[in-house]
Amino acid sequence: MSVTDTAKHLSEKEKESLDVAEGARETEWTKPSFVAELFMGHFRSDLIAPYPLQSPEDKAIGDEFMGRLEAFLRDNLDPDEVDRTGDLPQRVIDGLAKLGCWGMKIPKDYGGLGLSQINYNRAVALVASYCGSTAVWLSAHQSIGVPQPLKLFGSDAQKKKYFPMFAKGAVSAFALTEPEVGSDPAQMVTKAEPSSDGKTWTINGNKLWCTNGLVADVMVVMAGTPSKMVNGKEKKQITAFIVEKGTPGIEYVSRCDFMGIRAIQNGVIRFNNVKVPSENILWGEGQGLKLALITLNTGRLTLPAASAGMSKQALQIARNWGKERVQWGQPIGKHEAGAVKIAAMAASTFAQEAMTYYTSALVDKGGADIRLEAAMSKLFCSVASWKIVDDLMQLRGGRGYEKADSLRKRGEKGYAVERMMRDARINRIIEGTDEIQHLFIAREALDKHMRLAMDLLNPKAPMTKKMTALAKSALFYPFWYLRTWLPTGLWPRFAGYGSLGKHMRFVECRSRKLARTLFHQMVKFGPKLERRQNILARLVEIGTELFAMATSCTKAVELEKQNPQEKGPRELADLFCRQARIRVRQYFHGVCCNTDVRDSKAAAKAMDGGYEWLEKGIVADDGSGFKGKK
Ligand SMILES: Cc1cc2nc3c(=O)[nH]c(=O)nc-3n(C[C@H](O)[C@H](O)[C@H](O)COP(=O)(O)OP(=O)(O)OC[C@H]3O[C@@H](n4cnc5c(N)ncnc54)[C@H](O)[C@@H]3O)c2cc1C
């Protein structure tokens, strides 16, 4: 079957996947969002300034806890040993429990630490800067595992039962992925059937890559439940169940071994007629996917915090090594090629923190819709930290590629750059791949336009819908569109920003250009825009850069108010913005000038074997492993 035939064959499944994803979306925008406004060309500086720095009281709580956590890690956790053995020692798990780390986000009323989102993220960043595996243990438990959905959607009885367990050190996991279900939950095969009296549900299926799953005391398990008829149409249901360890029928099939974060307990779990009481349903029947998405809005902030923590470590190593290592008569950090890497690391780390902690502060404050800000933070920071670790490896040269133990054995400093690299890469895959983040952000960014005008542009839409869309569009677009062309960037604004004012003006102007470009693409492609993933990705990247620029500037200004002598934040915000402006221009250019269509054709030909001749002269890997003599 050719790629074109496969595409036709898949279109029904694709529609089903889109329907399920749409069904799980939060449809309303009742709370403000800086980024959602940005995509509409509205630069709402009031939503981003003054930058919400951590309050002194909350900071004091955090500082005290971080001090104890850091001391514990230094004294008890050898990250190279953890990586080498692939195991997190029980005494470390117990020690973390004693510190309250498994209950960082559990409210104090239930015996947890009740940390703010900012302090929780600071803790994860601290751990991630030191040991990626341990950070993932903690975050899989708290960001997507049971505590977070329980906090948001749990019944009182569920909270009373499970929160105190976690506060004492019980570990949890989140099981969504299956062999056929990665980015696309509509294809879920795991099923839960209700008993005839409705008191219990029986789960059957396989879950793949469930982090902490092999050791978890409690798991959230996603399963398909019987479809419902909604407006005469069958609607797939996915439901979230709390499943306790030791429930008969849970089989731990195998532990997975990964390139990095080698000590995570991640595996294949089989559910063979696993019976759970109906009071273990979280939120409600059919609400599972929505629960997962809403949980991830906040949960996703852990990854950018961890990425920023790793980036700080990389910066620290890079600047020391940049000074220390002399080649061709100069420290390598003074050669321009090295200098740009170190400078970019510092600027990018500042921006990563600015966007992540801005969004975390919104979580603590409440009253804001953070779905776009959190997704952008995840996208930006996981990619930026990967680039930073890659640059660090380059700066370290051969030593970057050598294991820390090996470096120490021959008397050198054992910076664990290769471990950092192995640990960092996964962040661009879990909790939404880069590509899925692009699609998710684009969908949300286009929401207002889709509500107003999509039916108008859709040739298949019925006439009544077209007329309604026409009426709504006629009221909205003329004024809105004209407004996106107003040269408001020329008006004197942002006086309080000093040298950063020009960057804020750039964000303002480009947000309007972004909004009209998005609109132009929508008019050009109509509903087919959905398929132009690379155009959407560029527009999402522009929005992300603008968000990072704006938070960097507002944070720098706020930090400067606290300490006027310290010019570092302003310098880094300025540098980041200058670099981001170049990228923004390139992305805009790429919207019209690209090879996307040719790329798709070439990829289809490649997949149909059209370039097989290019693969001659290799020992082809068919994935079945070594078959010769041992
Ligand atoms: C170490 C590790 C820990 C994990 N922990 C957990 C966990 O605790 N719980 C859990 O449930 N899962 C977990 N996962 C699963 C993880 O969330 C998935 O790997 C991730 O969602 C991607 O799914 P996939 O690997 O099947 O990739 P696929 O969905 O098969 O995607 C493969 C590639 O295709 C791209 N792609 C997919 N769909 C589209 C599309 N529509 N348009 C464009 N590109 C597309 C993806 O971006 C990716 O690049 C873990 C995975 C790993 C490796």
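As the structure lists them, so they are numbered: ligands from 1, and atoms in each ligand from 1.
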Chemist: Taking only Lys NZ, Arg NE, NH1 and NH2, and the carboxylate oxygens of Asp or Glu, determine whether R428 and D434 approach each other closer than 4.0 Å.
Modeler: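 Yes, this pair counts.
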Chemist: Answer yes when D596 and R531 have at least one side-chain N-carboxylate O distance shorter than 4.0 Å, and no when they do not.
Modeler: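 So D596 does not pair with R531 through a salt bridge.
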Chemist: For the CG atom of L150 and the CD atom of Q158, what is their distance to the nearest 0.5 Å?
Modeler: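 Between atom CG of L150 and atom CD of Q158 there are 6.0 Å.
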Chemist: Are the charged groups of K378 and E431 less than 4.0 angstrom apart, N to O?
Modeler: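 Salt bridge: no.
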Chemist: For E373, is there an ion pair with R300 - N to carboxylate O distance below 4.0 angstrom?
Modeler: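 Salt bridge absent between R300 and E373.
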Chemist: Pairs of nitrogen or oxygen atoms, one from ligand 1 and one from the protein, closer than 3.5 Å: please tabulate them with distances.
Modeler:
| unit_1 | atom_1 | unit_2 | atom_2 | d |
| --- | --- | --- | --- | --- |
| ligand 1 | 5 (N) | W209 | O | 3.0 |
| ligand 1 | 5 (N) | T211 | OG1 | 2.8 |
| ligand 1 | 8 (O) | T211 | N | 3.0 |
| ligand 1 | 8 (O) | T211 | OG1 | 3.4 |
| ligand 1 | 9 (N) | F174 | O | 2.8 |
| ligand 1 | 11 (O) | L176 | N | 2.9 |
| ligand 1 | 11 (O) | T177 | N | 2.9 |
| ligand 1 | 11 (O) | T177 | OG1 | 3.1 |
| ligand 1 | 12 (N) | T177 | OG1 | 2.6 |
| ligand 1 | 29 (O) | S183 | N | 2.9 |
| ligand 1 | 29 (O) | S183 | OG | 2.6 |
| ligand 1 | 42 (N) | Q533 | NE2 | 2.9 |
| ligand 1 | 47 (O) | T433 | OG1 | 2.7 |
| ligand 1 | 47 (O) | E435 | OE1 | 2.7 |
| ligand 1 | 49 (O) | E435 | OE1 | 3.4 |

Chemist: Enter the distance from M420:CE to Q313:CD here, rounded to the nearest 0.5 Å.
Modeler: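 Nearest 0.5 Å value for the CE-CD distance: 5.5 Å.
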